[in-house]
Amino acid sequence: AVLLSLVAWPPAGARAAAGAADLVIRNGAVLDGLGNALVRADVVIDAGRIVQVGAVGRDVRARREIDAAGRIVAPGFIDAHSHG
């Protein structure tokens with residue numbers, strides 16, 4: 001995975017900034033996991049990485065967009081549940 005991230009071009013953030021991303025989750029209440037209050041924000045994901053959290057303009061488009069209004073979004077959390 002590290003090797004793939006090193007050879008990906010252009011970088012994920014550059015593609016998202018240019019107006020193209022894999023996924024945009026809009027209008028969610030973002031939970032950061034640090035105990036802070038929920039914040040209404042958008043989350044942009046490109047090439048398997050979170051590249052932006054915050055207000056994302058309508059010029060940023062994605063192959064898939066999700067309207068998360070009324071829902072909580074917790075970007076970056078890892079599900080450690082297993083049946084080992």
Checking the side chain of Asn27 only, and the main-chain atoms of Asp67 only, is there a donor and an acceptor separated by less than 3.5 Å?
no

If only atom types and distance count, is the side chain of Arg71 paired as donor or acceptor with the main-chain N or O of Gly28 below 3.5 Å?
no

Give the minimum heavy-atom separation between Ala21 and Val44, together with the two atoms involved.
CB-CG1, 3.6 Å

To the nearest 0.5 Å, tell me how far Arg40 CZ sits from Arg26 CZ.
13.5 Å

Tell me who clusters with Ile45, hydrophobic residues only, linked when side chains sit under 4.5 Å apart either directly or through other members.
Leu23, Ile25, Val30, Val43, Ile50, Val53, Ile66, Val73

Any ion pair linking Asp22 and Arg63 (charged N to carboxylate O, less than 4.0 Å)?
yes

